[in-house]
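Computed from a prediction, not measured in an experiment: that's the story for all the values here.
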Amino acid sequence: MGGERLRAGVRRSAAARGPDRDLLGRRRVFLTALAVFAVASLLGGLMNDGTLLIAARFVKGVSAAFTAPAALSIITTTFAEGPARNRALSIFTACGASGFSLGLVLSGVLTEIGWRWTFLMPVPVAITALVAGTRLLQRGEERGEGGQDLLGAATITAAMLLLVFAVVEAPKVSVARTVVSLAGAAALIGLFVWLERRVRHPLVRLGILRSAPLARANFGLVILFGSYVGFQFVAMQYFQNLLGWSALETALAFLPCGLLVAISSTKMGGFADRFGTARLIVVGSVALLAGYAVFLRVDLHPSLLTMVLPGMVLLGIAFALSFPSLNIQATAGVDDEEQGLASGLLNTSGQVGGAVVLAIVTAVLTSGADGGDPIARFRAAIVVSAGFALVGLAVALTGLRFRRQPAEAREEPVLEAV
């Protein structure tokens, strides 16, 4: 029965959607970026020069920036909105979130063997995905019409780089220089918005952000991914540099979080159908905040049973609930021709959140590094992640409201996600 509903959903989606208007085609972008990723990973594992190694890592990051939104838009345009798409997205996000979480564990193991394996291991995985994509992804996409908004892309990229630079350098430079850098970033963002409202083929059609659920989903991923990347950096510094744990021991500390995400995320599609994405995001936001709060008890002799394990379990619950729900919410109600844009925005939100929050956390952690209590600095850095999580929870709560169903269709008031 479930398989029949899934196939029916795909048929409805194919019949209902209009022509594919992605500029370069989802299949073409996904496969090309995946091939570049595989080559860059292979070259990175063979490099001996530090500069070339960084260049290979940069190319990997750029290619990943293409594969993630392309893969998401392929899914959202293949499956009809509703249970079929939610199930597909829960599987997709389970792979992404568990890969991110368990990748830390695997990288710890590989680092013990040799750092080159952290580059080489993705190569066979990428090649397998490339072969499967070549065979399974539908050919004959209709390419969209339009131009390239290169000026808009350059402007927003420069704005994000200047913003991160300003935050990272803040502890080392004068207040005036920091203010000037932040003002420059704000000016570039303003210029980007001005350009997008006037160019014929904008990089981002700003009207899409009028959708409140989509805007909340993007902000939610900024918080979720950003705060966790910042926390992950702090935790790794704490475990390895302060406590003297090995890379493998540190990776194993994160294992409960990764396992929980891998096991439970595939069920989130059904939960989203039943409870709505907004409610799952709220519960996930509470778990995220609670997980960071547990780690505020860091000291020189942490308890695995009362701090590390419960904290990681709470963070795993947060990711398992929120990550699939944010993906579902960000793409719901979006026309097929703009699924690539919605997917790209969501992926960008996560990456920008990671960069900005990590920059703030790093600045806090390294401030006064030459003296003072290191435990106090670690706690202050975790407070940053917790503060962002609190803001995320407040925003998530705005997606809930009460309404009453007609008397013949209800027995009690229900909570609706909007």
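No more than 12 heavy atoms of other residues, nucleotides or ligands shown are found within 6.0 angstrom of CZ on Arg197. For Phe271, the CZ atom sits in a loose shell: 12 or fewer heavy atoms of surrounding residues, nucleotides or ligands are nearer than 6.0 Å. The 12-atom threshold is exceeded at CZ of Arg198, counting heavy atoms of other residues, nucleotides or ligands nearer than 6.0 Å.
Applying the side-chain hydrogen bond (donor to acceptor under 3.5 Å, both in side chains) test to residues at least two apart or on different chains, none of the pairs has a partner in residues 161-171.
Listed for the Arg379 side chain is a donor-acceptor partner under 3.5 Å among the backbone atoms of Val298. In terms of modelled atom types and a separation under 3.5 Å, the side chain of Thr157 and the main chain of Ala154 share no donor-acceptor contact. The backbone N or O of Val173 lies less than 3.5 Å from no partner atom in the side chain of Arg177, so there is not a single donor-acceptor pair. Distance alone, capped at 3.5 Å, places no donor-acceptor pair between the Arg87 side chain and the Gly269 backbone. A donor-acceptor contact shorter than 3.5 Å links the side chain of Ser73 to the backbone of Ala70. In terms of modelled atom types and a separation under 3.5 Å, the side chain of Thr398 and the main chain of Val395 share a donor-acceptor contact. The main-chain N or O of Asp335 is never found under 3.5 Å from a side-chain atom of Glu338 such that the two would form a donor-acceptor pair. Judged by distance alone, the side chain of Arg216 and the main-chain N or O of Ala278 form no donor-acceptor pair under 3.5 Å. In this structure a side-chain-to-backbone donor-acceptor pair under 3.5 Å is missing from Tyr228 to Gly354.
Residue Phe231 holds its CZ atom at 4.0 Å from CZ of Phe295, rounded to the nearest 0.5 Å. In this structure, the separation between CZ on Arg205 and CG on Leu345 is 10.0 Å, given to the nearest 0.5 Å. Between the CZ atom of Phe319 and the CG atom of Leu326 there is a distance of 9.5 Å, given to the nearest 0.5 Å. Interatomic distance, CG of Leu42 versus CD1 of Ile127, reported as 7.5 Å (0.5 Å rounding). Summarising the geometry, atom CG belonging to Leu89 is positioned 6.0 Å from atom CG belonging to Leu72; distances are rounded to the nearest 0.5 Å. Taken from CD1 in Ile328 to OG1 in Thr76, the straight-line distance is 11.5 Å, to the nearest 0.5 Å.
By the ring-ring contact (aromatic ring centres under 6.0 Å, His included) test, Phe239 pairs with Trp245, sequence neighbours left out. Applying the side-chain contact (heavy atoms from CB on, under 4.5 Å) rule to Leu136 yields the partners Ala132; only residues at least two apart in sequence or on another chain are considered.
With contacts defined as side-chain heavy-atom distances shorter than 4.5 Å, the pair Tyr238/Ile382 does not qualify.
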Point to revise | Check against side-chain contact (heavy atoms from CB on, under 4.5 Å), Ile156 and Leu188 | key: CA-CA 7 Å; Ile156 193 62; Leu188 286 171; over 6 Å; no
Exercise for review: Walk me through it: do Gln339 and Thr77 pass the test side-chain hydrogen bond (donor to acceptor under 3.5 Å, both in side chains)?
Suggested key: CA-CA 7 Å; Gln339 284 294 335; Thr77 55; over 6 Å; no
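Under 3.5 Å, the side chains of Asn48 and Arg116 contain a donor-acceptor pair of N or O atoms.
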